[in-house]
Amino acid sequence: MACNICSGRRFSAWRGRSGEQCDTCGALARHRIALAVYQLHLFEKGGREKQLGNMRVLHLAPEPSLHPILLRKFGAGYVCADASPDRYPHADCLKLYFPGDFKIFPDRYFSAIIHNHVLEHIPGHYGDHLLEFSRLLKPGGRMIFTVPGPYANQKTIEGGEKLESDAAREETFLQADHFKLLGADFVEFIDQMPGGRRIADGITDELRAQLNVRPKKAPFFIWEKSME
Ligand SMILES: [Zn+2]
């Protein structure tokens with residue numbers, strides 16, 4: 001059992017969840033799974049590049065544990081962006097509000113788009129956001145992302161940006177800066193999104209155990225835009 005980001009073998013509890021955080025590099029369970037997913041669906045040798053040419057990868061809210069790995073991998077083709085770049089001092093991060101500011105990028109610009117726990121912070125409807133990401137993807141490009149939950153037994157609740165206090169948001173959306181709780185319709189929307197298909201993340205509980213991640217933890221969405 002070891003961290004796949006730094007090979008560390010000691011883990012501590014984080015927000016009450018035992019073994020969640022790597023003591024050495026600080027990666028959380030979902031970051032360790034993220035790297036495993038990128039190894040399967042983004043780094044395949046000769047795979048993506050062969051199909052798509054030079055890779056151009058957009059990473060929103062670039063996590064400190066994953067950022068150096070992606071930078072090493074994609075070099076000048078690696079673009080980081082966030083509405084609050086100050087939160088990511090380790091990265092050279094463009095200050096851009098999604099979706100409006102992303103009009104600066106033409107259609108089919110990125111070979112891959114990565115965002116983890118980002119959609120729930122964006123005001124507006126998730127469907128509009130997913131379609132805008134789809135616009136930005138090259139044919140054959142992949143969006144690889146996670147959200148809290150999603151909560152399979154309920155419908156999505158949105159509109160946190162219209163609530164007047166952090167306390168009200170915390171009560172409805174579980175965190176003061178969350179604007180939505182994503183539910184079953186979110187997953188259906190991805191499955192039915194035109195112009196592409198969802199791919200299974202391929203992560204097994206056996207692999208999770210090797211990474212000190214509990215069963216079923218951190219399901220990833222991978223959506224691939226069709227080749228034309
Ligand atoms: Zn580590």
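Keep in mind that what you see is a predicted model, and the values were worked out from it rather than measured. When a ligand or atom number is given, it counts from 1 through the structure's own listing order. Residues: numbered from 1 along the sequence shown.
The distance cut-off of 2.8 Å around the Zn ion (ligand 1) captures these protein N, O or S atoms, sorted by chain and number: Cys3 SG, Cys6 SG, Cys22 SG, Cys25 SG.
For Lys155, there are no salt bridge (charged side-chain N to carboxylate O under 4.0 Å, His left out) partners two or more places apart in sequence or in a different chain.
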Pair up each side-chain donor or acceptor in residues 85-95 with any protein partner under 3.5 Å, not counting sequence neighbours, and list the distances.
unit_1: His90; atom_1: NE2; unit_2: Pro62; atom_2: O; d: 2.7
unit_1: Lys95; atom_1: NZ; unit_2: Ala83; atom_2: O; d: 3.0

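Between Gly140 and Met227 the shortest heavy-atom distance is CA-SD, 3.3 Å.
The neighbour count for Arg135 CZ, taken as heavy atoms of other residues, nucleotides or ligands under 6.0 Å away, is above 12.
Judged by distance alone, with hydrogens and angles left aside, the side-chain atoms of Arg56 form no donor-acceptor pair with the main-chain N or O of Ala112 at under 3.5 Å.
Think of Tyr97 as one node in a network of Ile, Leu, Val, Met, Phe, Trp and Tyr side chains linked at under 4.5 Å; it has no links at all.
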